[in-house]
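Below, chains carry the letters A, B, ... as their sequence lines are ordered, and counting in each starts from 1. What's counted below: heavy atoms across the whole structure, side chains too, no hydrogens, waters or symmetry copies.
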Amino acid sequence: MSTDLVVRLNDWFLAHSRPLPWREPGTTPWGIFLSEVMSQQTPVARVAPLWQEWMDRWPTPADLAAAPAGDAVRHWGRLGYPRRALRLHAAAVAMVERHDGDVPSTSDELLALPGVGEYTAAAVAAFAFGERIPVIDTNIRRVEARAVTGVQFPRPSLSAAERALAAQLLPHEDHVLWNASSMEFGAVVCTAKAPACGECPVLDLCAWQQAGAPAYDGPARRGQAWAGTDRMVRGKLLAVLRERDGAVPHDDLRQVWDDEVQRERCLDSLVADGLVDLVGDDSFALPGHA
DNA sequence: CATACGTGGGA
DNA sequence: TTCCCAAGTAT
């Protein structure tokens, strides 16, 4: 039953996992940490090139901590959710100040770092340090919802039942491998939109298949609005600041969006978030780049 | 618990 | 073209 699920997906992983750069032998905990934060809500295929660039530029937490926070935001490029870059910098500073320049090795210590939540703390503890802890991401939730619970998708919010199930499934041997395989399997085969059930190694014991593959019947998952939102305007403003050195006159930023009220609100919120500094009386720059 | 928060690729 | 959504976190 669940033992078969674990064994088969572990075997599948050993034969079919993608060659991601941070899976190379010798990747440091810092490299693992970086890959996990960069991968939050971002497809790993887009992360790989930037991860390599960051590892070359800032090979240790101390290297990033020594740079201005604005450098992290600038080199975040178009990965999205740039507050992650700011928090990564703050996490590097915390590692230098509180952990002797190292990535802390337990999930509890990791959880205390900026930008690190339940998922990332577990993932780094498991993949960098071998801690036996259930890693619960969107892929694993979907795989377990289908294979074990028998539904097409998990509910929008993570439930206590899901945590209990993940804990129950976590084997005592090869637990790191299981965390990696169930996540990878969800990303590659048991996908959200078009699961490749035809090549599924656990089709015969999948509870969702056995139930006749019923359609999802829970509360609707909210779409993400985009056109005309503050998120979009913030993105446009920050893109200008990223591509230019030093301070940018307010006038140059006025050109990216016509609605003055919204534009100024977004500029203010970027400053409030620490993503942008007000320089002089009417210019803006990435933090530390006046 | 719901909502805000970037970006780009695939169907 | 429009919609979906991808290794989530903070509030």
For this session: Establish whether A:Leu205 and A:Phe13 are linked, either directly or via other cluster members, by ILVMFWY side-chain heavy-atom contacts under 4.5 Å.
Result: yes
Exercise. Quick one: does A:Leu110's side chain get under 4.5 Å of A:Thr120's, heavy atoms only?
Worked result: no
For this session: Looking at every strand, decide which applies to A:Pro82 at a 4.0 Å heavy-atom threshold: base, sugar-phosphate, or nothing.
Result: sugar-phosphate
For this session: Please work out if A:Arg231 contacts a base, only the sugar-phosphate, or nothing of the nucleic acid, heavy-atom cut-off 4.0 Å.
Result: base
Problem set entry | For A:Arg163, side chain to side chain donor-acceptor pair (under 3.5 Å) partners two or more places apart | A:Glu118
For this session: Would you classify A:Thr42 as touching base, sugar-phosphate or nothing, given that sugar-phosphate means primed atoms plus P, OP1 and OP2, and contacts are heavy atoms under 4.0 Å?
Result: base
For this session: Show which residues join A:Tyr119 in its hydrophobic cluster (side-chain heavy-atom contacts under 4.5 Å, direct or indirect), or state none.
Result: A:Ile32, A:Phe127, A:Val135, A:Ile140, A:Val176, A:Met183
For this session: Shoot me the first and last contacting nucleotide of DNA chain B against chain A, ordered 5' to 3', at under 4.0 angstrom to non-hydrogen atoms.
Result: B:dT3 to B:dG10
Exercise. Does the side chain of A:Gln262 come under 3.5 Å of the side chain of A:Trp257 through a donor N or O and an acceptor N or O?
Worked result: yes
Exercise. Across the strands shown, which category fits A:Leu237 at heavy-atom distances under 4.0 angstrom: base, sugar-phosphate, nothing?
Worked result: nothing
Problem set entry | A:Arg23 bridged to A:Glu184 by N-O distance under 4.0 Å | yes
Exercise. Residues sharing A:Val151's hydrophobic cluster, by side-chain heavy-atom contacts under 4.5 Å among ILVMFWY, directly or via others?
Worked result: none
Problem set entry | Inter- and intrachain pairs under side-chain hydrogen bond (donor to acceptor under 3.5 Å, both in side chains), touching residues 239-249 of chain A, at least two apart | A:Arg244-A:Asp252
Exercise. Among residues 102-141 of chain A, which contact DNA chain B at a heavy-atom distance under 4.0 Å?
Worked result: none
Seminar exercise, completed: residues 5-17 of chain A vs side-chain hydrogen bond (donor to acceptor under 3.5 Å, both in side chains), sequence neighbours excluded, gives A:Arg8-A:Asp204, A:Asn10-A:Ser181
Exercise. Is the shortest side-chain N to carboxylate O distance from A:Asp251 to A:Arg254 below 4.0 Å?
Worked result: yes
Seminar exercise, completed: So the side-chain hydrogen bond (donor to acceptor under 3.5 Å, both in side chains) pairs with at least one residue in residues 86-96 of chain A (sequence neighbours excluded) are none
Seminar exercise, completed: Outer limits of DNA chain C sitting under 4.0 Å from a non-hydrogen atom of chain A, read 5' to 3', are C:dC4 to C:dA10
Problem set entry | Stretch residues 21-41 of chain A: residues that reach within less than 4.0 Å of DNA chain C through a heavy atom | A:Trp22, A:Arg23, A:Glu36, A:Ser39, A:Gln40, A:Gln41
For this session: Kindly write out the residues that satisfy salt bridge (Lys or Arg N to Asp or Glu O under 4.0 Å) with A:Arg234, not counting sequence neighbours, or none if the list is empty.
Result: A:Asp273
Exercise. Excluding sequence neighbours, so at least two apart, what forms ring pair (Phe, Tyr, Trp, His ring centres under 6.0 Å) with A:Phe129?
Worked result: none
Exercise. Between A:Ser107 and A:Glu131, is any side-chain donor less than 3.5 angstrom from a side-chain acceptor?
Worked result: yes
For this session: Considering only atom P, compute the distance from B:dA2 to C:dA7 and round it to an integer number of Å.
Result: 23 Å
For this session: Report which part of the nucleic acid A:Ala187 touches: base, sugar-phosphate, or nothing (heavy-atom distance under 4.0 Å, all strands).
Result: sugar-phosphate
Seminar exercise, completed: Result for 5'-nearest mapping on DNA chain B, choosing between A:Pro156 and A:Leu270, is A:Pro156
Exercise. Which is true for A:Arg155 with a 4.0 Å heavy-atom rule: it touches a base, it touches only sugar-phosphate, or it touches nothing?
Worked result: nothing
Exercise. When all nucleic acid strands are considered with a 4.0 Å heavy-atom cut-off, which category describes A:Arg46: base, sugar-phosphate, or nothing?
Worked result: base
